[in-house]
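Keep in mind that what you see is a predicted model, and the values were worked out from it rather than measured. Sequence lines set the chain letters: A, B, ... in the order given, protein chains first and strands last, and positions in each chain run from 1.
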Number of protein chains: 2
Amino acid sequence: MKGHLDLVLLGVLSRGAGHGYQVITRLREQTGGALDLPEGSVYPALHRLEDLGLLTSEWHPVAGRRRRVYSVTAEGRAALNAQRRDWRALVQAVESVLEPGRRVGAVSS
Amino acid sequence: MKGHLDLVLLGVLSRGAGHGYQVITRLREQTGGALDLPEGSVYPALHRLEDLGLLTSEWHPVAGRRRRVYSVTAEGRAALNAQRRDWRALVQAVESVLEPGRRVGAVSS
DNA sequence: CCTCATACCTCGGCATCTTAGGTATCACGA
DNA sequence: TCGTGATACCTAAGATGCCGAGGTATGAGG
């Protein structure tokens, strides 16, 4: 995860609000364990994204515990779209290097 | 290009030996300008890969100029395969986050 | 009680990449 | 002939960005 953290965080939260710990478990489950991000990466990233205005958070007290639930803002959705475009362009570029001559189309359609 | 430099360098050199400047132009042309790496990224990376034993180099004097031509070693090919696997796994994981419910298969087959 | 899972946080370190500058040859045109 | 752009190499210092390690706290289960 180098340079793609924001993308996956915005991506997973765009599917529904959630708190930090949940983001981690969601990613782990949705990817079959391929993406198992450490808390030390996720929490600071969420704070940064909130500072940038791409996320908002609310505290929810739940059974004596407190949870900070994050939602993607309109700006966040725009940023997600932009980063998704960049990601796809990167994938295409790298694939065209790894498999020259093979036309790697969009991921699906 | 954060964390994927080695992959693309090994990838492009695995298609044929070449010198540093040529690596840059090849990548720029093969990707339609999408990958335009600065020299300050490429040269140190090539040196690092050579130190790791993944590349070997030879000086070729050409028309008054000198070129350092790099080739991928056997170890380099093995590393390329490993990094390619990791790359594909990353792509799959990220795509499964961006497009949940859609089964994104291997990039080709 | 003690441990595990839940749930949050921060600091320091590390690896990596980029910026910015430097050297040198050759070809071309003014 | 002199400047400029392309070719071709290099490095040092800085910024970036992630991770590991550590810390706090509650609730459940043994």
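Panel note: side chain B/R67, backbone B/P61; no donor-acceptor pair is recorded below 3.5 Å.
Atom CD1 in B/I24 sits roughly 11 Å away from atom P in D/dC10 (whole-Å rounding). Atoms CD (B/Q83) and P (C/dT16) sit 10 Å apart, rounded to a whole Å. Atom pair B/H19:NE2 and D/dT7:P shows a separation of 9 Å (rounding to whole Å applied). Atom pair B/L35:CG and C/dC17:C1' shows a separation of 14 Å (rounding to whole Å applied). Here D/dC9 presents its C1' atom at 6 Å from CH2 of B/W59, a figure rounded to the nearest Å. Rounded to an integer number of Å, the gap from A/H60 NE2 to C/dC8 P is 11 Å. Rounded to an integer number of Å, the gap from CG of A/L46 to C1' of C/dC9 is 12 Å. Atom CG in A/L7 sits roughly 12 Å away from atom P in D/dC18 (whole-Å rounding).
Which of D/dC18, D/dA6, D/dC10 sits closest to the side chain of A/L5 comes down to D/dC18.
Contact annotation for A/A45: no contact, since no heavy-atom pair falls under 4.0 Å across all strands. A/L37 comes within 4.0 angstrom of no nucleic acid atom, judged by non-hydrogen atoms across all strands. Using a 4.0 Å heavy-atom distance criterion, A/G20 is classed as a sugar-phosphate-only contact. Residue B/R65 is in base contact, counting any heavy-atom pair closer than 4.0 Å across all strands shown.
Classification of the A/W87-B/W87 ring pair by plane angle, with boundaries at 30° and 60°, yields tilted.
Using a cut-off of 4.0 Å between Lys/Arg side-chain N and Asp/Glu carboxylate O, B/R88 and B/E95 are scored as not salt-bridged.
One finds no side-chain N or O of B/Y43 lying less than 4.0 angstrom from the OP1 or OP2 phosphate oxygen of D/dC10. The side chain of B/R66 contributes no N or O atom lying less than 4.0 Å from OP1 or OP2 of D/dC10.
When the nearest nucleotides of DNA chain C are assigned to A/R67 and B/M1 by heavy-atom distance, the more 5′-ward of the two goes with A/R67. When the nearest nucleotides of DNA chain D are assigned to A/G64 and A/R48 by heavy-atom distance, the more 5′-ward of the two goes with A/R48. Nearest-nucleotide assignment on DNA chain D puts the 5′-proximal partner with A/H4, out of A/H4 and A/E39.
Minimum interatomic distance between A/L35 and B/A93 (heavy atoms only, all atoms of both residues): CD1-CB, 3.4 Å.
Side chain to side chain, B/E50 and B/S57 meet the donor-acceptor criterion of an N or O pair below 3.5 Å.
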